[in-house]
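All values derive from a computational prediction rather than experimental measurement.
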Protein chains: 2
Amino acid sequence: MATRTDAPTRREQILKEAARLFAERGFHGVGVDEIGAAVGISGPGLYRHFPGKDAMLAELLVGISGQLLTGGKRRVAEAAGGAEGAEAVLDSLIEGHIDFALDDRPLITLHDRELDRLRDSDRKLVRQLQRQYVELWVEVVREVYPGLTEPAARSAVHSVFGLLNSTPHLGRPGSLPGRGDTAALLHRMARGAFAAAGSPAAG
Amino acid sequence: MATRTDAPTRREQILKEAARLFAERGFHGVGVDEIGAAVGISGPGLYRHFPGKDAMLAELLVGISGQLLTGGKRRVAEAAGGAEGAEAVLDSLIEGHIDFALDDRPLITLHDRELDRLRDSDRKLVRQLQRQYVELWVEVVREVYPGLTEPAARSAVHSVFGLLNSTPHLGRPGSLPGRGDTAALLHRMARGAFAAAGSPAAG
DNA sequence: CAGGGAGGTTAGCGGTCGTTAACCTGAAGG
DNA sequence: CCTTCAGGTTAACGACCGCTAACCTCCCTG
């Protein structure tokens, strides 16, 4: 839980700015000179830190997927240790995903937008991490709503991801009703969506 | 309601293929030669039909936004004519959006991905159409759930759009549980999400 | 049957972009 | 004090890409 107080490395600066620029204008829409300028160095200087532009995107996407999966696993394990039910685990997963979506909006945008720009091996890795993350959710969701078939649960999970990942469309951070309220609203809506998916007896 | 039986014009072919390619690899990731090849002509031949590559994207995005807004307005007007309540109007809006998301998946993808690649004037137009569409929903949603503040309703609408627009992530059309089932699931989830947003008294 | 426009073709220009090459500099270490 | 090396710099190359120019070929029409 060591909260970092030391300054970010140049490498981390580059990744952060690259993520922002890629999210704003797309991978092909951003030049290496722009990324360099964003961290105060110029174009080719980036090649002291990364073998190429592709490598930056790859590291970003692998990092995102891995971070989501690791966080999800941790939350499932923690909750399983206590006496809480599956509902609490689901709440924890939702909370973690919302935190990520609200804190790292550019990364969320990249996550489902630029995957196809990766080399085959990297793309396979990211897809595998994503799949594991989805399966994590599917298991928990089916435990809470046993009526759901597995394909339906998977569709529901993907749809809730779409709901939670909508934060980049909610306007600039200032125009939101406040982070806490937004998080609470998203959480309620996600639970409501799952509940509706799990009970086909709607009017 | 004249269902078209005549063959699509060359212009329409181009737009359709361009939409698919843009959705797959991004606007900057597709060359005009590829678009031409996709319709059986080669590169510069496209310039007999469009003034430039940008114009294809512009026409696609303006078309999408306009189509959504027009359809939404029509549905609101139709339902308002009958004796049905706001709930029925909301259901109709959801149904229309789902139809669009399931039938024109590449367009849905483009819709919130490549907007920034447009000329200023086109982007303003698209944004204006989108805003009107959102306001259409917000009004209906607040009628059904009067407890929602206006900002909360707008956030909820954007989030439900994220949910409904998740169809491109649901795997290839073949792997879905069947179009009707998928549409029904999405519809239930959207209603559940709105209901949860509208009643802060969750446990 | 002339002729003109719609809708193609290929060749090529000009600009952009990712990447490499060659060089510079300041700080650390023996 | 000399060396080394991490981390920069600018110049330039080669590929790609959007677009234009110039030309061709049907087909429709008067």
Side-chain angles (χ1 to χ4, degrees), chain A residues 6-62 106 110 113-123, chain B residues 6-62 106 110 113-123:
Chain A
D6 43 327
T9 73
R10 174 57 37 105
R11 217 165 172 284
E12 289 166 334
Q13 289 180 42
I14 294 172
L15 282 175
K16 183 182 165 189
E17 294 302 310
R20 184 179 55 82
L21 289 167
F22 288 160
E24 281 173 7
R25 300 210 284 286
F27 179 67
H28 290 293
V30 180
V32 289
D33 289 356
E34 285 180 272
I35 304 174
V39 297
I41 71 180
S42 217
L46 296 171
Y47 287 76
R48 298 289 167 192
H49 304 275
F50 295 92
K53 193 185 167 194
D54 300 2
M56 303 180 206
L57 181 64
E59 184 156 334
L60 281 171
L61 293 185
V62 172
L110 280 187
R113 185 167 301 196
E114 307 284 359
L115 181 58
D116 301 320
R117 264 56 111 198
L118 256 49
R119 284 173 33 228
D120 269 22
S121 61
D122 289 324
R123 188 170 57 245
Chain B
D6 42 329
T9 73
R10 174 57 38 104
R11 218 164 171 285
E12 289 166 333
Q13 289 179 44
I14 294 172
L15 283 176
K16 183 182 164 190
E17 294 302 310
R20 185 179 55 82
L21 289 168
F22 289 161
E24 282 174 7
R25 299 209 285 285
F27 179 67
H28 290 294
V30 181
V32 290
D33 288 357
E34 285 179 272
I35 304 175
V39 297
I41 72 182
S42 219
L46 296 172
Y47 288 76
R48 299 289 167 193
H49 304 275
F50 296 91
K53 193 186 167 194
D54 300 1
M56 303 180 206
L57 182 64
E59 183 156 335
L60 282 171
L61 292 185
V62 173
L110 279 188
R113 186 168 300 196
E114 307 284 359
L115 181 58
D116 302 320
R117 264 55 112 198
L118 255 50
R119 283 173 33 229
D120 269 23
S121 61
D122 289 323
R123 188 170 55 245

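Gly45(A) comes within contact range of at least one nucleobase, with a heavy-atom separation under 4.0 Å. Heavy atoms of Val30(A) sit under 4.0 angstrom from primed sugar atoms or phosphate atoms, though from no base atom. Here Gly43(A) lies out of heavy-atom contact (under 4.0 Å) with every strand.
Residues Thr9(A) and Arg11(A) bring no donor and acceptor atom of their side chains to less than 3.5 Å of each other.
Rounded to an integer number of Å, the gap from Ile41(B) CD1 to dA6(C) P is 16 Å. Rounded to whole Å, the distance from CG on Asp54(A) to C1' on dC17(C) is 13 Å. The nearest whole Å value for the distance from the CZ atom in Phe50(B) to the P atom in dT20(D) is 15 Å. Put simply, NZ on Lys53(A) is 15 Å from P on dT16(C), counting in whole angstrom units. Distance Leu57(A) CG to dC17(C) C1': 17 Å, rounded to the nearest Å. Computed from coordinates, the Leu46(A) CG to dA6(D) C1' distance equals 15 Å when rounded to whole Å. The distance between atom CZ of Arg117(A) and atom P of dC17(C), rounded to the nearest whole Å, is 17 Å. Rounded to whole Å, the distance from CZ on Phe22(A) to P on dC17(C) is 13 Å.
Here the shortest heavy-atom pairing between Pro106(B) and Ala23(B) reads O-CB, 3.6 Å. Closest approach of Arg20(A) to Ala38(A), counting heavy atoms only: NH2-CB, 4.2 Å. Considering every non-hydrogen atom in both Leu115(A) and Arg123(A), the closest pair reads O-CD, 3.6 Å.
Take the nearest nucleotide of DNA chain C for Arg48(A) and for Asp33(A): the residue whose nucleotide is more 5' is Asp33(A).
The distance from atom CD1 of Ile35(B) to atom CD1 of Ile14(B), rounded to the nearest 0.5 Å, is 9.0 Å.
Side-chain proximity of Arg10(A) to dT9(D), dG8(D), dG18(C): nearest is dG8(D). Across dT19(C), dG8(D), dT10(C), the shortest atom-to-atom separation from the side chain of Tyr47(A) is found for dT19(C).
Remark: His49(B) is in phosphate contact with dG8(C), judged by side-chain N or O atoms under 4.0 Å from OP1 or OP2.
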